[in-house]
Every structure is written in structure tokens, then in C-alpha cells.
**Student:** 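Following this message is one structure expressed as C-alpha cells.
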There are 2 protein chains.
Amino acid sequence: MIDKPELDKRKAFILATVVYEYINTAEPVGSVTLAQKYNLGVSSATIRNEMAELEAGGYLVQPHTSAGRVPSDAGYRTYVDRLMPPEQLTKDDTRRIRDQFREASRELGDVIEQTTRLLSGLSGNLAIAIAPSRDTHAFKHIQLIWLSARTSMVVVVTSGGVAAQRVIEWQTDVAADDLTRLSNALNSRLGGRIMQDVTAGQLDAICADSGASAEMREAVRGAFAQARQTDEPGLAASGAQNLLDQPEFHDLRKLRAILRFVEEQRTLYDLVADELASDAPHTGQPHVRIGHELGPDELSECSVVTVPYSFGDRGVGVLAILGPRRMPYARLMALASGTARSLGDHLNDVEIR
Amino acid sequence: MIDKPELDKRKAFILATVVYEYINTAEPVGSVTLAQKYNLGVSSATIRNEMAELEAGGYLVQPHTSAGRVPSDAGYRTYVDRLMPPEQLTKDDTRRIRDQFREASRELGDVIEQTTRLLSGLSGNLAIAIAPSRDTHAFKHIQLIWLSARTSMVVVVTSGGVAAQRVIEWQTDVAADDLTRLSNALNSRLGGRIMQDVTAGQLDAICADSGASAEMREAVRGAFAQARQTDEPGLAASGAQNLLDQPEFHDLRKLRAILRFVEEQRTLYDLVADELASDAPHTGQPHVRIGHELGPDELSECSVVTVPYSFGDRGVGVLAILGPRRMPYARLMALASGTARSLGDHLNDVEIR
DNA sequence: GTTTGGCACTCCCTGGGTATGACTGCTAAG
DNA sequence: CTTAGCAGTCATACCCAGGGAGTGCCAAAC
């Protein structure tokens, strides 16, 4: 681990082959296997020497003295960044993604959840999605709906198609006309504004102008607050049971730790939301984090592929795939990218204009 | 299994003790353990004889010749129906349930999900909830909201506080006034009706009376259809990872089968919805199904406690706890009942009047 | 200098054999 | 009917040796 010299061509090829083989077999790979299965043109002894140097360089580790080698975090990292042949989506995958979105819902929450189901099914791993942060959406419409003298419902529609909705109980009777007047005033003066640009002061001013009561003003404020609430993540995950199939998770203790981590909305959100908060430009490229790069110890044997998706020109969410470090990175990156693109397209098509 | 004679007092006590001990220890229980730990007043030899007869009667089984006994489905059944001392909710549980509902959401979907989290946390098992079937709710309000000349949003509010909502794209331009007029007409003529009693013919008539276009009529029909859709179950489950802690599920194959079963919304719904469909009167009493009584082979080592909850005077949903057959039935029944009651109360308190 | 074949060594895994312990069922005596 | 005692059964744990996969090193070949 001390020095990390540039890898010469043969070392790079051997490292790539070890990672590839290990991803496919889940068994530590030895020099003889490598020499036989792949056409290296050198003997196993030479490969042994190279592998020893790769281990000294921190790219490979041995589970025990007389076992083959397994990639380390750094080994996977090098593989992903520089050695791995990129993959395209297969025809079959493309079709399945297309079919899925063709009949997808128009409700943001549902779309997000369906997308995780699709992605977990295609990838055979756990899929996670974060819905776009709400306060980057444009305000479209608010409606205060009279239900009875003491109860109303307020609905806020934004460009995400997300309608924040809540029921209000009034302390004093209200008239349907007052609600309509206030709704109209808000709509005409705020239409098209970005949610996060709407200040409480503006709301108050509009309420005052249309003669709304203090109680109604509070209701409007509350509705806007809810509509752009960002700490209610809008998170979906599915496919946790896929992890059971991975041999590295046959150890119940590890599995439990991971599942507990995943069940906790908050931690899961933090895990994926790094991607949103990061200074890296949102290039739309998938991003891979491997093992300890993820942070939490529970996930030290996992990797995560994240890819941002966008719709409109502002809203940005994230798709992610969580699986064992021994995951088919190229394929999953292609899948995540393709799904993110289709999701963005779908959201754009469906967006309320 | 051939004959099932009435159990005499001592046999009943021994059976109850075996079940109790096995539930607590997860180990097959032998005659000596029983004689030592519980005050039976007879020797282990006598207990052996009794246990042999209980096995002949089908109440107990031996995992292998030289092991202790384990309850059979029939043994659990007898225990639950006749032998088990009923339990009350502990002060602590009562408090936690109360606290949970005090700050619970007003949205039906959220409440249902939060309830499963509560119940899985309290019970240490998997909790499932089915939201009330929508078409038993009373219609409260419909609003067609003008977003642009070619798009609108329609919101339907029912007594469940559930608002079905959808976005509509018109083929031809519509005017905001027309939407308001139609909304008002529908509200005044349908207010308070039970959803399932509203026919398509009535909707059409109201649309015609208020001069709505064919397209608008379709939109209204669609919104009502969505609002009372029953085949969209409104299902929540949480706590699957609790099952990992149960020793009977340390076998990965069994665990996988169960988790796959649970991940599938449809099968899970069918499992719990039996309770709704059954002819049994909804007494509010918890109902227990044990092992093979559940039907699916995957669940032959599981039991389910279900309890209906009601709100208003019609809507009925179901709470359920799924766990190993070796579950603390009395406690879980108390928990499920208490939670169902609190859930019903909460829904009543929060119901839009 | 690099590559290669050979060889000794290490360590995991497996399978057989055995001891152990927790049961039961049976029998005969109380 | 109950009980003590005893033989028998079976799962589990344990030890141990053998096999196998793989490495590291060295000396010879290229």
C-alpha cells in the first residue's frame, strides 16, 4: 500500500483478469487458473510473481496464505477507473426499460418506486432512488378546497407533478368564496415561480391583499412549506432480497447489519444523497463507490453505483444500485445510466406544463 | 393424528408447558427439563409417558428419535385456542402506541405505513397493514383544477382523507370556468354519498346537466374509478429484517423463500385479505393462522396474527403480524388488537367531517 | 534480466471415526 | 398408576489425517 507505481501493461492485464474472474466466480483466483483460462502467453510462475507485486502494491489481497487472490478496494477502483471495458445496454435491457416507462405512472412517487423495482430486477441487486428535491420545481397551482365550514383541503401543484396536500381544520368558520378568492390571488401572482424563490413575506402580502384571515395565512404558509420540504426525502428502495443470493452475504451477521442499514430511511438517504451534495458537476455519468469509500463499516463489503437524473432544467434526483463489491460494474453502470436517462425523459414527457 | 381425544387436565398442562418452553428457548423440550423447571409434581418418566401420548395424538412431534418434543400445528392450535393465558398490553406498550398515534400523519397512506413500523418494532416481527377498501368511503369533494388550457388536475376527497389525484391532458382547450361549474355540480349532488353507490350513469347525468364535454365526462369517470379502485391494495409491510433474528430462519433457503413471498405485493395481500373476505363476523378479535393453515408452502413454518380495524361505521382494513410459528401468541395478539384499536380511533379522530 | 519448471511448504476443507450428551421407550418394582 | 433404572438412538462436537489448491523461492534456461 506504501507506493502505488504506475502499472505496466502486463500487470494491468493481470489485475483486470483477476477482478473479472473473481466477479464471475466469487472464488479467490490463483495463478494456474489464470494461466489456463486466459491467454496470457506466460507461465503461471510469472503470473505468480506479478500477482505478488500487485499484492505489494495494494491491489490484491490473500484471504489466507495458501489461497488465491481477491481484489482490494484499490484493485476494484483501478479496474473501474481504467481497466474495465465499458458496456452498452443490451437490446433486451433497452426493451425492458422502454416497456416499463411506456406504461409508467404519472405520479412522481409511483414512478420512483416503479423505477427501483425495474432497476433491482434488471441488476439483481438492491436499487434505490431519491425523488427530485422539491424546492427546485416551479410553482404551478394552489387550490384551497372547501369541505365543510370547519375543514378544508389545500393542494399545491408544482412542475414535478407533485401535489402537496393537507387537510386543515379551522378554528372559525370559513366561506368557500374566501378560499376561492385567495386561491386565485395566489395563482395569478405566483404562477411559474421557482418554489424556493417564494418567500414567506410574499405569501403574507398576497394573503393580506385578498383579505385572508390569520388562520388562512398560516394554512398557506404551511402548505408551501410542505410542498417544498426537502427533508422528507422521497426515497424508494427495493430488491433487498436479491442480496441473499450473493455468496458474500451468506454470513447472517453481515447480512443483518446491511439490511438494518438499508431499512433505515435516514442512513440510506445520506448514503445516496452524497451524490447530490457533492461539488462534482452533474455530468450524468455514473459514479462508483467501493467498500470503505462508502464510509459506514456495515457496508465495507459493498459497492454502490449512483447516477443522477434530471428533468426540466433544474430538478435532480439520484438512482443507485447497492450490491457486493464483487458486482459487474460495467453492466450496472450501463443499466443505471440507461434507466436514469429513460426516467428523465419520462418525467419530461409527463411534466405538467 | 387419527383420533384427537379430549385432553385431560394433566396432558393439557404438559402441552401448554411444552409450547411455552419451546417458544422461549427455541430448543426441543425434553421430559427432564420439564420436570425440573416447572412444578409438575410427577417424575420425568410420567411426563415421558404423557408426552408420548401427546405425540400419538398429533400435538407434538420429535425432530428426531432422541430429541425432545416440538409442538405441531395442532399443538400450537390447541395452545392458542384453549390453553394460553391471555395477555394484556403492558403499560410500556400502551404508552408507545399512544405516543405514536398522537403525532401520526393525517394521510391514510402514511398512517398505514407508520403503523406497520410501530407494530414491527413492538412485536419484533414482520408487520403488514391493508388500508381500508376505498369504495366504502363517503364521497366528500371533487375539484377539477385548471393548470393550463390543455392540462388540468383532478382531486377527489373521500371520508378516508384519501384524495385520488391525477393529471389530465385535454385534446382541446378547456376554460377554468367550465371546470369550476362541473366541480360545483358534482359536489352539490354527490356530497355524502358512499363511493360504491355512485354509478357511472349518475356521473354522466351530472356532466350532461352542467354542459361538460365528452372529454370532461371521461375525466370525471376516470377520477371516480381511481378513487375507489380496490385492486390497488394500499398495502404496507415493514420489519422483514426482524425475521433474520429468528433461529428457525437461519437456513438461507427458507429465509429466501419467505422474503420473496413477502416482497410480492400480490401474494402478501392475498394472505392478509383472507381476513377481509372471510364470512366470519368482524368482531375485532385477533385471528391466528398457524403453519400449513396459511396455505403457501413457503410459509409452513410461519404463523400470522390478523386483526381487523374499522373506522367510521363501514371501512375495514386489516393489521397483521407474520413471524415464526414459535411466536409469543398472547403478546402479539394483544399488541395487534391494541394497535388496531388505536389506529381506528386515530382514523376516526382525523376523519374529515 | 526475465522467464520457467520444480519443489517444499502452508493452510483450508473434507470425511471418517469416536466420544459425548440429551433424549426416549421399555420394564419391573413400588 | 407412578417411578427408577437402564439400554438404545441419534445429533452434535471433536479430533485427526489426507487431499488439494495455491504460494514462494530457487536454480536453470532463455
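A, B, ... follow the sequence lines: proteins, then strands. Residue 1 opens every chain. Heavy atoms only: backbone and side chains are in, while hydrogens, waters and symmetry mates are out.
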**Student:** Excluding sequence neighbours, so at least two apart, what forms side-chain contact (heavy atoms from CB on, under 4.5 Å) with A:E293?
**Tutor:**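 Testing A:E293 for side-chain contact (heavy atoms from CB on, under 4.5 Å), a comparison that skips the adjacent residues, returns A:R77, A:R289, A:I290.
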
**Student:** Using 30° and 60° as the class boundaries, would you call the ring planes of B:Y22 and B:Y76 parallel, tilted or perpendicular?
**Tutor:**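 Tilted: the ring planes of B:Y22 and B:Y76 meet at 30° to 60°.
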
**Student:** Would you please name every residue forming a side-chain hydrogen bond (donor to acceptor under 3.5 Å, both in side chains) with A:Q62, sequence neighbours left out?
**Tutor:**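 If we apply the side-chain hydrogen bond (donor to acceptor under 3.5 Å, both in side chains) test to A:Q62, skipping adjacent residues, there are no hits.
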
**Student:** What pairs with A:K254 under side-chain contact (heavy atoms from CB on, under 4.5 Å), at least two apart in sequence or on another chain?
**Tutor:**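 So A:K254 forms a side-chain contact (heavy atoms from CB on, under 4.5 Å) with A:D251, A:E301.
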
**Student:** By side-chain hydrogen bond (donor to acceptor under 3.5 Å, both in side chains), which residues pair with B:Q36, not counting sequence neighbours?
**Tutor:**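 Expected list: none.
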
**Student:** Taking any atom under 4.0 angstrom from a heavy atom of chain A, which nucleotides of DNA chain C are the first and last to qualify, 5' to 3'?
**Tutor:**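 Boundary nucleotides touching chain A, in 5' to 3' order, are C:dT3 to C:dC12.
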
**Student:** Does B:S43 put a side-chain nitrogen or oxygen below 4.0 Å from OP1 or OP2 of D:dT2?
**Tutor:**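 The answer is no; no side-chain N or O of B:S43 sits under 4.0 Å from OP1 or OP2.
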
**Student:** Quick one: list whatever passes side-chain contact (heavy atoms from CB on, under 4.5 Å) with B:N39, sequence neighbours left out.
**Tutor:**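 Partners of B:N39 under the side-chain contact (heavy atoms from CB on, under 4.5 Å) test: none.
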
**Student:** How does protein contact run along nucleotides 8-30 of chain D, one letter per nucleotide 5' to 3', with B for base contact, S for sugar-phosphate only, - for none, heavy atoms under 4.0 Å?
**Tutor:** -BBS---------BSBB------

**Student:** Taking the axis from the first five pairs and the axis from the last five, what angle separates them in the helix from C:dG1-D:dC30 to C:dG30-D:dC1, rounded to 10 degrees?
**Tutor:**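 It comes to 20° between the two terminal axes.
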
**Student:** Residues two or more places apart in sequence or in another chain: which of them pass side-chain hydrogen bond (donor to acceptor under 3.5 Å, both in side chains) with B:Q88?
**Tutor:**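 So B:Q88 forms no side-chain hydrogen bond (donor to acceptor under 3.5 Å, both in side chains) with any residue.
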
**Student:** List the atom pairs, donor and acceptor, that lie under 3.5 Å between side-chain atoms in residues 329-338 of chain B and the rest of the protein, sequence neighbours left out.
**Tutor:**
residue	atom	partner	partner atom	Å
B:Y329	OH	B:S303	OG	2.7
B:Y329	OH	B:R325	O	2.6
B:R331	NH1	B:D93	OD2	2.7
B:R331	NH2	B:L122	O	2.9
B:S337	OG	B:M333	O	3.0

**Student:** B:R10 CZ to D:dT3 C1': how many Å, rounded?
**Tutor:**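 Distance check: B:R10 CZ to D:dT3 C1' gives 12 Å.
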
**Student:** Can you sort out the partners of B:S238 under side-chain hydrogen bond (donor to acceptor under 3.5 Å, both in side chains), two or more places apart, ordered by chain and number?
**Tutor:**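 B:T116.
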
**Student:** Strictly by salt bridge (Lys or Arg N to Asp or Glu O under 4.0 Å), give each pair with a member in residues 22-49 of chain A just once, sequence neighbours left out.
**Tutor:**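 Passing the test, one end in residues 22-49 of chain A: A:E21-A:K37.
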
